[in-house]
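For reference, the structure is listed below as structure tokens.
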Protein chains: 2
Amino acid sequence: MIKHALNVTREADFAAWYQAVISEADLAEESGVRGCMVIRPWGYGIWERIQRLLDDRIKATGHENCYFPLFIPLSYFEKEAEHVDGFAKEMAVVTHHRLKQVDGKLVVDPEAKLEEPLVVRPTSETVIGAAFSRWVQSWRDLPVLINQWANVVRWEMRTRMFLRTSEFLWQEGHTAHASVDEAREETMKMLEVYRSFAEDCLAMPVVAGEKPENERFPGAVSTYSIEAMMQDGKALQAGTSHFLGTTFSSAQNIKFQNAEGVQELAQTTSWGVSTRMIGGVIMVHGDDDGLRVPPRVAPWQIVIVPMLRDTDEDAAVLAYCKGLQADLAKQSALGEPVRALLDARPAKAAAKRWGWVKKGAPVVIEVGGRDVAGGNVSVIRRDRLYREDGKLDSAVLAKDGFVGSAAALLEEIQSVLHGQARERLDANIVRGVDSFDSLKAHFQGSGKYPGWVEVQWARPSGEALDKVVERLKALKLTFRNVPLGAAPVDGACIFSGEPAVERILVARAY
Amino acid sequence: MIKHALNVTREADFAAWYQAVISEADLAEESGVRGCMVIRPWGYGIWERIQRLLDDRIKATGHENCYFPLFIPLSYFEKEAEHVDGFAKEMAVVTHHRLKQVDGKLVVDPEAKLEEPLVVRPTSETVIGAAFSRWVQSWRDLPVLINQWANVVRWEMRTRMFLRTSEFLWQEGHTAHASVDEAREETMKMLEVYRSFAEDCLAMPVVAGEKPENERFPGAVSTYSIEAMMQDGKALQAGTSHFLGTTFSSAQNIKFQNAEGVQELAQTTSWGVSTRMIGGVIMVHGDDDGLRVPPRVAPWQIVIVPMLRDTDEDAAVLAYCKGLQADLAKQSALGEPVRALLDARPAKAAAKRWGWVKKGAPVVIEVGGRDVAGGNVSVIRRDRLYREDGKLDSAVLAKDGFVGSAAALLEEIQSVLHGQARERLDANIVRGVDSFDSLKAHFQGSGKYPGWVEVQWARPSGEALDKVVERLKALKLTFRNVPLGAAPVDGACIFSGEPAVERILVARAY
């Protein structure tokens with residue numbers, strides 16, 4: 001029986017386990033400010049890796065970064081009714097611009113009321129649309145392809161760290177095009193950027209597909225998502241890409257003169273991923289010993305822990321470790337120099353080892369006097385922590401051999417994590433459920449982790465769709481997406497009995 | 001007589017010239033949101049370069065990045081009276097969390113009033129101090145060395161793009177230490193990081209020194225700055241580093257048990273630079289043809305403009321340009337791969353050339369059919385745009401020779417820009433002004449660009465200092481800083497006649 005590093009397991013209480021990983025891996029903490037978290041260095045380091053790798057891909061597809069205002073005048077929201085309906089219920093509103101002391105207490109100065117309230121951006125379509133209307137005059141100005149990395153605020157009543165916080169960090173891409181075809185192509189291109197980024201960098205397999213009408217972004221003509229499967233079988237929407245048609249270009253007057261001299265409205269898109277992805281990494285890769293970070297997004301890929309004993313031997317151990325760190329930094333893995341840290345803090349080696357295991361550093365190296373004497377290193381792989389007999393699997397390897405194989409080891413760990421998650425996703429999408437009763441039976445009978453079910457449906461709209469959504473809601477189920485490349489339909493809609501037109505995923509979700 | 005690219009010169013109207021550069025170089029624009037600007041791709045690209053290079057230096061000195069909440073509860077400010085006095089007059093305050101529709105109009109929902117107003121951070125000492133108080137228990141937890149890249153808001157009445165905007169982007173470092181000596185050492189270390197970053201990366205010579213009491217950060221024991229000289233002779237504070245003593249640790253209860261088991265307050269520091277630095281780059285390096293970006297912070301260092309003529313020749317010209325771009329990307333300059341852009345947009349070559357000149361790309365290469373035939377490139381250096389006869393200096397060079405020397409060329413341009421700015425700074429600090437009357441005469445008699453004056457003073461405090469500050473203010477002058485490493489004093493204070501204790505810079509300032 002293995003004694004794991006966390007005091008709660010995924011099996012015992014998945015939600016408590018999630019919070020334990022965040023706390024024990026020093027990823028984030030409650031800030032004392034309602035709904036807002038503090039992202040600590042290890043958590044922020046993962047975000048910085050995500051930013052760097054995704055930003056490269058966003059730029060490689062021709063987009064440039066900009067920065068737009070945090071505040072959006074209230075009147076901007078009035079221009080697009082559907083959009084404000086979707087967001088107006090949960091926004092932070094700045095109404096004053098000064099505090100003052102009254103009888104020794106600090107209060108909002110009533111004299112300093114703004115003429116027009118300012119909304120803290122929940123998303124930036126409106127304010128970026130206003131900029132596009134200045135930038136776009138002619139077909140020659142199109143396409144406009146921009147992105148911003150920013151904080152946004154949506155007033156959430158129930159928050160959960162990384163998954164749903166009032167303030168969160170994200171990137172939001174916004175583009176304007178001369179034609180529907182080109183804007184739709186852009187929407188799909190960015191969906192594919194997200195899909196391949198999730199798979200390649202986060203080792204997180206996802207299903208890319210189109211959201212049903214009821215799950216569309218407010219104002220979108222079509223919304224696409226990537227959906228990842230957590231270890232409790234729930235779905236996490238990990239990124240979205242929207243074709244907005246002329247919703248925002250008509251509200252914000254983004255017009256251009258086409259090659260024939262005729263005025264047209266531009267076709268726009270938007271797409272985003274957020275710090276929510278870190279929640280996905282936790283729930284896809286974590287285990288009962290804490291987080292496991294895929295090497296490509298690990299702030300440190302290899303952590304060297306010297307076993308110091310306050311003896312004369314320590315200097316030699318430290319020098320050996322420094323040499324090892326320098327040798328590793330010369331290696332290249334997954335297209336970048338290896339990121340190796342020497343953890344020489346004045347703490348017990350065992351505490352440091354377990355600290356890094358809980359943080360999920362892909363490889364932890366321990367070096368003691370005996371390793372130095374033998375020219376060795378003791379290597380712990382985070383993806384294979386225990387031997388079959390339940391003991392910690394710490395392999396003693398020749399130092400030079402280890403250095404030479406370090407890049408391959410990191411690539412292997414990246415691949416192992418992806419493989420495990422891919423196997424889980426593939427094994428837990430259930431097909432062939434051909435009636436609503438069977439669907440109900442599946443979710444009521446499959447224990448805690450029923451996975452996802454792919455059903456056939458007739459794609460109802462409006463009130464008919466609302467009724468189906470209500471039936472699912474009663475089972476705590478939601479539609480996820482209509483997978484791209486799903487098999488052709490061959491039966492009836494499980495909700496209406498009408499001929500099915502496509503397949504859609506049903507799941508519990510975060 | 002050269003016909004310059006901008007329609008206003010520095011000499012004619014420096015303030016209008018500054019706005020013209022921002023507009024013509026596509027750096028930023030008014031957003032329509034009061035006091036907030038849109039940072040456009042070329043401006044944001046410079047900020048990304050600043051972030052990348054400075055972040056490397058912040059990390060190399062042992063700091064880690066975190067992220068703290070945008071919102072700070074009003075009560076956090078009450079804990080530190082001096083701090084709130086310095087900031088309370090200019091903060092955005094969130095008081096409500098919902099909008100609603102009333103008679104078709106969107107209004108703030110009075111039902112959704114927050115129990116405690118939230119201030120949009122003007123700086124994060126209070127909220128980060130609260131985190132430090134959770135993190136620090138023992139001397140073993142110290143030092144805490146963290147940094148964040150974030151947006152902050154200070155409600156400004158008069159704004160000027162990059163120099164003073166209501167919202168701006170910055171980094172703010174925050175550290176906690178066990179001793180005064182260590183915290184003071186940290187304060188000076190980060191001042192030196194800023195000084196060397198400004199000189200090495202921005203090619204912007206600065207004077208590092210201590211701010212007088214009246215210019216200290218609210219709550220600081222000592223504030224240090226780097227000050228850069230703009231081409232109009234005014235000073236720009238381009239970065240600050242503060243030793244905060246126990247001001248925030250006592251307000252936020254950041255306590256630790258020392259090695260002897262006694263509870264002590266931690267000593268804290270903070271330090272920051274912002275998008276204001278881009279304003280400095282404009283006013284230090286710009287000329288009457290637009291911006292000149294130092295190669296280290298140029299998003300694109302070499303821009304290749306193919307001279308396309310809608311003929312069969314175009315394909316060969318484009319292929320030649322692509323080869324050139326690939327060859328350049330293999331070169332390394334200033335420690336990084338050369339950043340070369342091929343600008344194949346469908347616009348006139350001359351318009352593109354002048355566009356890149358105004359943006360300040362360090363090198364612009366033009367390639368036409370004749371260049372391809374001869375194996376040549378036409379090279380324009382942004383630091384030496386015109387020949388002595390006033391004609392554009394476009395040198396025809398053998399392509400392979402140019403590629404081989406491109407790295408050296410970029411390094412030379414970086415050095416030329418720094419040298420010109422250094423010469424200007426050194427030539428315009430006036431010493432030997434030994435009375436207030438002489439000071440007055442200097443600034444009243446030196447035309448538009450009187451530079452800075454270094455005077456000797458007795459370092460008055462409190463009301464005595466206030467009086468001196470008022471006398472300067474009447475002349476539109478301010479104290480900048482007491483330069484580190486200034487010559488020893490050898491005379492009387494020019495304000496009081498008392499024996500001087502140090503030298504301080506006096507200047508007009510942004």
Side-chain angles (χ1 to χ4, degrees), chain A residues 29 31-34 36-41 43-45 47-48 64-75 77-78 84 88-101 105-108 112 117-120 127 130-131 134 140 146 148 150-151 153 155 166-167 169 346-347, chain B residues 29 31-34 36-41 43-45 47-48 64-75 77-78 84 88-101 105-108 112 117-120 127 130-131 134 140 146 148 150-151 153 155 166-167 169 346-347:
Chain A
E29 65 186 21
S31 66
V33 182
R34 201 197 145 291
C36 299
M37 62 181 173
V38 173
I39 308 181
R40 300 192 63 176
Y44 198 78
W47 181 240
E48 285 182 300
E64 293 181 302
N65 287 338
C66 294
Y67 188 76
F68 293 86
L70 171 67
F71 298 132
I72 303 180
L74 190 144
S75 57
F77 285 90
E78 285 189 318
V84 78
K89 285 164 195 135
E90 39 171 346
M91 306 200 286
V93 189
V94 175
T95 56
H96 291 73
H97 64 83
R98 196 186 306 132
L99 302 178
K100 69 172 191 175
Q101 302 269 6
K105 270 208 72 75
L106 200 57
V107 298
V108 177
L118 296 173
V119 172
V120 180
V127 71
R134 296 191 296 270
R140 286 187 195 82
I146 67 102
Q148 83 171 351
N151 52 346
V153 172
W155 208 259
S166 290
E167 181 190 12
L169 305 181
Chain B
E29 65 186 21
S31 66
V33 183
R34 202 196 142 289
C36 299
M37 62 181 172
V38 173
I39 308 180
R40 301 192 63 176
Y44 197 77
W47 180 240
E48 285 183 300
E64 294 181 302
N65 287 340
C66 293
Y67 188 76
F68 294 87
L70 172 68
F71 298 133
I72 303 179
L74 190 145
S75 58
F77 284 90
E78 283 188 318
V84 78
K89 285 165 197 135
E90 37 171 348
M91 305 199 287
V93 189
V94 176
T95 57
H96 291 72
H97 64 83
R98 197 188 304 134
L99 302 179
K100 69 172 191 175
Q101 301 268 6
K105 269 210 72 76
L106 199 58
V107 297
V108 177
L118 295 172
V119 172
V120 180
V127 72
R134 296 190 297 271
R140 286 186 194 83
I146 65 103
Q148 84 173 350
N151 52 345
V153 173
W155 209 259
S166 289
E167 180 190 14
L169 304 181

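Throughout, protein chains are lettered first and strands after them, A, B, ... in sequence-line order, and every chain is numbered starting at 1.
- The aromatic rings of A/Phe71 and B/Trp155 lie tilted to each other, with the angle between the two planes from 30° to 60°.
- Shown here are the salt bridge (Lys or Arg N to Asp or Glu O under 4.0 Å) partners of B/Arg40, two or more places apart in sequence or in another chain: B/Asp26, B/Glu29.
- With rounding to the nearest 0.5 angstrom, the CG atom of B/Leu118 is 9.0 Å from the CG atom of B/Leu70.
- Neither the backbone nor the side chain of B/Arg34 comes within contact range of chain A, judged by heavy atoms closer than 4.5 Å.
- At a 4.5 Å heavy-atom cutoff, B/Ala130 makes no contact with chain A through either its backbone or its side chain.
- Ranked by heavy-atom pairs under 4.5 Å with chain A, the list B/Ile146, B/Leu169, B/Val107, B/Val93 is led by B/Val93.
- No side-chain heavy atom of A/Cys66 sits less than 4.5 Å from a side-chain heavy atom of B/Ile39.
- Among the candidates B/Met37, B/Glu48, B/Glu64, the residue making the largest number of heavy-atom pairs closer than 4.5 Å to chain A is B/Glu48.
- Heavy-atom distances place both the backbone and the side chain of A/Pro41 under 4.5 Å from chain B.
- Both the backbone and the side chain of B/Asn65 come within contact range of chain A, with heavy atoms under 4.5 Å apart.
- Across A/Leu74, A/Val108, A/Val120, the residue that shares the most heavy-atom pairs under 4.5 angstrom with chain B is A/Leu74.
- Interface check for chain A: of the options B/Ala92, B/Cys36, B/Gly45, B/Ala150, the most heavy-atom pairs under 4.5 Å are formed by B/Ala92.
- The shortest side-chain heavy-atom distance between A/Val94 and B/Val153 does not fall under the 4.5 Å cut-off.
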Could you please spell out the steps behind the side chain to side chain contact (heavy atoms under 4.5 Å, CB included) verdict for B/Val127 and A/Val33? CA-CA 9 Å; B/Val127 72; A/Val33 182; 4.3 Å; yes
